[in-house]
Amino acid sequence: MTPTPPTGTATHPADTTFELRFTSTPRGARLARRLTAYCLDCWGHPYGSEVNDGASLVVAELTANAVTHGRVPGRDALLRLVRDDGRLRIEVSDTRGERDPVVKAAGDDEETGRGLLIVGALAETWGVTARTGAPGKTVWAVLRADGPAASS
């Protein structure tokens, strides 16, 4: 039996949007990454494919930033995946609107600070917008998602 993603809409190949509210914790970020991989597999981008691996990595970075820098105790974060015309838009929203992401050049001996550089390398484009209808911000990235799922 194949599990169905909770609160998601990725159970049928014709679906084009998946949303998940996740707790602003490392465990919530891991769940978001794992459900992204599952959702993309359902959409025709199998585990281990370039699209699935790239999107999972972008989601991992954005959700890690949301739970590390955008966390407000007691408030959830939101992951949204939208596929359209051979593209995949990834959005991660948190409730911390006063803290925009910062791209920095991490030193060779630093363990953190490269996440947005990775996002920039994998995405066609990315950015930050104010969250609509709620406090906070949305960090988004657009990736190419050509392949079998783009034509379904």
Side-chain angles (χ1 to χ4, degrees), residues 5-45 47 49-72 74-106 112-152:
T7 69
T9 60
T11 58
H12 187 275
D15 292 334
T16 59
T17 302
F18 173 80
E19 286 187 356
L20 172 74
R21 289 199 182 282
F22 63 96
T23 58
S24 293
T25 63
R27 185 175 186 181
R30 185 182 80 219
L31 175 66
R33 177 186 51 82
R34 293 186 68 164
L35 286 175
T36 294
Y38 176 75
C39 177
L40 290 172
D41 184 64
C42 290
W43 283 347
H45 300 290
Y47 294 104
S49 68
E50 186 176 330
V51 171
N52 196 309
D53 287 350
S56 294
L57 183 54
V58 168
V59 168
E61 295 298 338
L62 296 182
T63 57
N65 283 351
V67 303
T68 303
H69 306 292
R71 183 175 188 272
V72 173
R75 301 275 177 98
D76 291 341
L78 176 68
L79 166 68
R80 187 168 188 256
L81 307 175
V82 180
R83 65 182 182 136
D84 184 36
D85 197 29
R87 304 277 187 281
L88 176 67
R89 182 178 173 94
I90 298 167
E91 299 176 356
V92 176
S93 301
D94 62 54
T95 54
R96 205 85 193 263
E98 73 278 4
R99 295 185 72 179
D100 280 345
V102 176
V103 179
K104 66 177 189 173
T112 62
R114 295 172 185 82
L116 291 176
L117 293 173
I118 293 169
V119 170
L122 293 172
E124 287 185 337
T125 185
W126 72 276
V128 183
T129 59
R131 194 169 177 187
T132 306
K137 67 182 171 303
T138 298
V139 183
W140 55 268
V142 177
L143 284 68
R144 290 191 61 83
D146 294 346
S151 61
S152 66

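Bear in mind that the values here come from a model prediction, so they are computed numbers and not experimental data.
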*Asks:* Heavy-atom count check: over 12 atoms from other residues, nucleotides or ligands less than 6.0 Å from Arg75 CZ?
*Replies:* no
*Asks:* What's the spacing between Leu81 CG and Thr36 OG1 if we round to 0.5 Å?
*Replies:* 4.5 Å
*Asks:* What's the verdict on side-chain contact (heavy atoms from CB on, under 4.5 Å) for Leu88 and Leu40, showing C-alpha distance, side-chain angles and the deciding distance?
*Replies:* CA-CA 10 Å; Leu88 176 67; Leu40 290 172; 3.9 Å; yes
*Asks:* Just how far is it from atom NE2 of His69 to atom CG of Asp94, taken to the nearest 0.5 Å?
*Replies:* 10.5 Å
*Asks:* Would one find more than 12 heavy atoms of other residues, nucleotides or ligands at under 6.0 Å from atom CD of Glu50?
*Replies:* no
*Asks:* Between CG of Leu116 and CG of Asn65, what distance do you get to the nearest 0.5 Å?
*Replies:* 5.0 Å
*Asks:* Kindly compute the distance separating CG (Asp76) from OG1 (Thr95), expressed to the nearest 0.5 Å.
*Replies:* 9.0 Å
*Asks:* When rounded to the nearest 0.5 angstrom, what is the spacing between CG in Asp85 and OG1 in Thr16?
*Replies:* 12.0 Å
*Asks:* Any non-hydrogen side-chain atom of Lys137 less than 4.5 Å from a side-chain atom of Arg96?
*Replies:* yes
*Asks:* On a heavy-atom basis, which atom in Ala32 and which in Leu20 lie closest, and how many Å separate them?
*Replies:* CA-CD2, 3.9 Å
*Asks:* Under 3.5 Å, sequence neighbours excluded: what are the donor-acceptor pairs made by side chains of residues 51-64?
*Replies:*
{"unit_1": "Asn52", "atom_1": "OD1", "unit_2": "Ser56", "atom_2": "OG", "d": "3.3"}
{"unit_1": "Asn52", "atom_1": "ND2", "unit_2": "Ala37", "atom_2": "O", "d": "3.0"}
{"unit_1": "Asn52", "atom_1": "ND2", "unit_2": "His45", "atom_2": "O", "d": "2.9"}
{"unit_1": "Ser56", "atom_1": "OG", "unit_2": "Asn52", "atom_2": "O", "d": "2.8"}
{"unit_1": "Thr63", "atom_1": "OG1", "unit_2": "Val59", "atom_2": "O", "d": "2.7"}
{"unit_1": "Thr63", "atom_1": "OG1", "unit_2": "Ala60", "atom_2": "O", "d": "3.3"}

*Asks:* Restricting to side chain to side chain donor-acceptor pair (under 3.5 Å), what partner residues turn up for Arg80, sequence neighbours left out?
*Replies:* Glu19
*Asks:* What are the two closest heavy atoms between Phe22 and Ala29, and how far apart are they?
*Replies:* CD1-N, 3.9 Å
*Asks:* If I take atom OG1 from residue Thr138 and atom CZ from residue Arg131, how far apart are they, to the nearest 0.5 angstrom?
*Replies:* 6.0 Å
*Asks:* At their closest point, which heavy atom of Trp140 faces which heavy atom of Val128, and how far apart are they?
*Replies:* NE1-N, 3.7 Å
*Asks:* Any side-chain heavy atom of Arg87 within less than 4.5 Å of one from Arg89?
*Replies:* no
*Asks:* If I compare all heavy atoms of Val119 with all of Ala141, which pair ends up nearest, and what's the gap?
*Replies:* CG1-CB, 4.1 Å
